[in-house]
Amino acid sequence: METINRREFVKQTVTAAAVLAVPASVLAHETPYALQFKQVALPYATNALEPNIDALTMEIHYGKHHTAYIKNVNDAIAAENITYSEKDFFANISKLSAKARNNGGGAWNHNFFWQSMKPAGGAPSGKIAEALTGAFGSMDKFKEQFTQAAMTRFGSGWAWLVKDGNTLKIGSTPNQDNPMMDVSELKGTPLLALDVWEHAYYLKYQNKRNEYVANWWNVVNWDEVAKRLN
Ligand code: MN
């Protein structure tokens, strides 16, 4: 009973946070700051990705970690009077503070990550399946290479599938960096991302990042990845 009540409470808090995030985008038109990050509404319930990703991890990850990145990047934008568009913000990130870089990446990457997942993700089909098979040899080889990128990222960071020109590439970034940043070794338009920070899996998987990555494939939203390819 206690668990249900606590989860219900957190769920309501998360919903409230998502609602509160909306006026920021509206206010963006009324402030001198061209850029305001807002937290997307979670496109499924916090327990919808069970058993692959547990509800408590989702509640804390979305409701605490991500919410903080959003607040902190918007604070940095205001404090530093940053007037870039979102695209230019990342393309010029080397000129901005560590606060803007870390929290801007954290804000954007997590919005992208939530939308990259859905309950019962299934397998890719059509154009995206063909593109992955063409680029990496087979779906198994693609998954192997992506898993390798996720497993070899030392410490905190992200694994990515990106489109760079007409080429599909796999790589990883440290901390909250992403492939749109000028500082990133891996460059391209993100198609798929996996958060490999310990906060993304430690409650359920502890040190077993490999099990988290293996189970995460069950909740990849391939329809969304396919849309990004277009
Ligand atoms: Mn995270």
Side-chain angles (χ1 to χ4, degrees), residues 7 9-46 48-49 53 55-118 156-160 173-184 189-190 192-203 221 224 228:
R7 283 199 178 153
F9 170 75
V10 174
K11 203 170 114 197
Q12 284 169 11
T13 310
V14 166
T15 308
V19 170
L20 282 173
V22 175
S25 68
V26 177
L27 284 172
H29 301 288
E30 298 162 7
T31 70
Y33 311 114
L35 183 58
Q36 287 276 292
F37 284 87
K38 60 171 181 163
Q39 188 172 32
V40 298
L42 205 57
Y44 35 75
T46 50
L49 305 180
I53 299 179
L56 184 58
T57 295
M58 285 300 298
E59 285 159 9
I60 297 170
H61 200 179
Y62 179 87
K64 304 292 181 191
H65 291 280
H66 191 203
T67 302
Y69 294 130
I70 298 272
K71 180 193 180 297
N72 291 335
V73 69
N74 288 331
D75 287 352
I77 287 166
E80 297 168 40
N81 195 19
I82 295 167
T83 56
Y84 288 127
S85 67
E86 184 179 288
K87 186 169 177 278
D88 288 343
F89 175 84
F90 290 120
N92 292 280
I93 206 79
S94 60
K95 299 172 192 159
L96 303 176
S97 68
K99 182 175 180 177
R101 173 175 170 177
N102 292 334
N103 290 286
W108 192 96
N109 297 353
H110 286 87
N111 276 341
F112 188 80
F113 184 51
W114 311 134
Q115 293 170 319
S116 300
M117 298 186 288
K118 69 171 187 180
S156 299
W158 293 77
W160 301 90
T173 54
N175 306 315
Q176 294 293 355
D177 285 359
N178 69 44
M180 303 176 298
M181 291 182 176
D182 62 353
V183 293
S184 181
T189 303
L192 180 63
L194 173 58
D195 189 343
V196 295
W197 281 59
E198 285 184 347
H199 70 220
Y201 61 87
Y202 211 86
L203 288 179
N221 185 345
E224 189 62 33
R228 293 164 179 165

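For the single chain, residues carry numbers from 1 onward in sequence order. The shown structure was predicted, so the numbers you read here are calculated from the model rather than taken from an experiment.
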- Do Asn178 side-chain atoms and Thr173 backbone N/O form a donor-acceptor pair below 3.5 Å?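 Pair absent, no side-chain N/O of Asn178 close to backbone of Thr173.
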- Can you check whether Gly157's main-chain N or O pairs, donor with acceptor, with Asn175's side chain at less than 3.5 Å?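 No, the answer is negative, given that no donor and acceptor are paired below the 3.5 Å cut-off.
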Distance from [X] atom [atom1] to [Y] atom [atom2], nearest 0.5 Å?
X: His65; Y: Thr57; atom1: NE2; atom2: OG1; answer: 9.0 Å
X: Met117; Y: Leu42; atom1: CE; atom2: CG; answer: 8.0 Å
X: Gln115; Y: Leu192; atom1: CD; atom2: CG; answer: 12.5 Å
X: Asp75; Y: Ile70; atom1: CG; atom2: CD1; answer: 11.5 Å
X: Phe90; Y: Leu96; atom1: CZ; atom2: CG; answer: 10.0 Å
X: Ser184; Y: Trp158; atom1: OG; atom2: CH2; answer: 13.5 Å

- Report yes if some heavy atom in the side chain of Pro190 is under 4.5 Å from a heavy atom in the side chain of Arg228; otherwise report no. no
- Side-chain contact, heavy-atom cut-off 4.5 Å: Met58 with Tyr44?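 Side chain of Met58 against side chain of Tyr44, heavy atoms only: contact under 4.5 Å found.
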Of all heavy-atom pairs between [X] and [Y], which one has the smallest distance, and what is that distance?
X: Ala107; Y: His66; result: O-NE2, 2.9 Å
X: Phe89; Y: Gly104; result: CE2-CA, 3.9 Å
X: Met181; Y: Gly105; result: CE-CA, 3.9 Å
X: Tyr62; Y: Val40; result: OH-O, 2.5 Å
X: Leu203; Y: Ile60; result: CD1-CD1, 4.0 Å
X: Ala100; Y: Ile82; result: CB-CD1, 4.1 Å

- Message: Going by salt bridge (Lys or Arg N to Asp or Glu O under 4.0 Å), name the pairs with one or both residues in residues 93-102, residues two or more places apart or in two chains.
- Response: Arg101-Asp177
- Message: Test of understanding: with salt bridge (Lys or Arg N to Asp or Glu O under 4.0 Å), list the residues that count as partners of Asp182, not counting sequence neighbours.
- Response: none
- Sorted by chain and number, sequence neighbours left out, salt bridge (Lys or Arg N to Asp or Glu O under 4.0 Å) with Asp195 holds for none
- Message: Side chains of Trp114 and Gln39: any donor to acceptor distance under 3.5 Å?
- Response: no
- Would you please say whether a donor-acceptor pair under 3.5 Å links the side chains of Trp108 and Gln176?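 Per modelled atom types, Trp108 and Gln176 side chains form no pair under 3.5 Å.
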- Check against side chain to side chain contact (heavy atoms under 4.5 Å, CB included), Trp160 and Asn109: CA-CA 10 Å; Trp160 301 90; Asn109 297 353; 3.6 Å; yes
- Query: With sequence neighbours excluded, what pairs up with Ser156 under the side chain to side chain donor-acceptor pair (under 3.5 Å) test?
  - Reply: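 For Ser156, no residue satisfies side chain to side chain donor-acceptor pair (under 3.5 Å) once neighbours in sequence are set aside.
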- Item | By side chain to side chain donor-acceptor pair (under 3.5 Å) - contacts of Glu224 (at least two apart) | Lys227
- Item | Under the ring pair (Phe, Tyr, Trp, His ring centres under 6.0 Å) test, residues paired with Tyr84 that sit two or more places apart |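 Tyr84 satisfies ring pair (Phe, Tyr, Trp, His ring centres under 6.0 Å) with no other residue.
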- Quick one: sort the His110 and Phe113 rings into parallel, tilted or perpendicular, breaks at 30° and 60°.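 Because their plane-to-plane angle is over 60°, the rings of His110 and Phe113 count as perpendicular.
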- Task: Decide yes or no on side chain to side chain contact (heavy atoms under 4.5 Å, CB included) for Ser116 and Asn221, but give the supporting numbers first.
- Result: CA-CA 5 Å; Ser116 300; Asn221 185 345; 5.6 Å; no
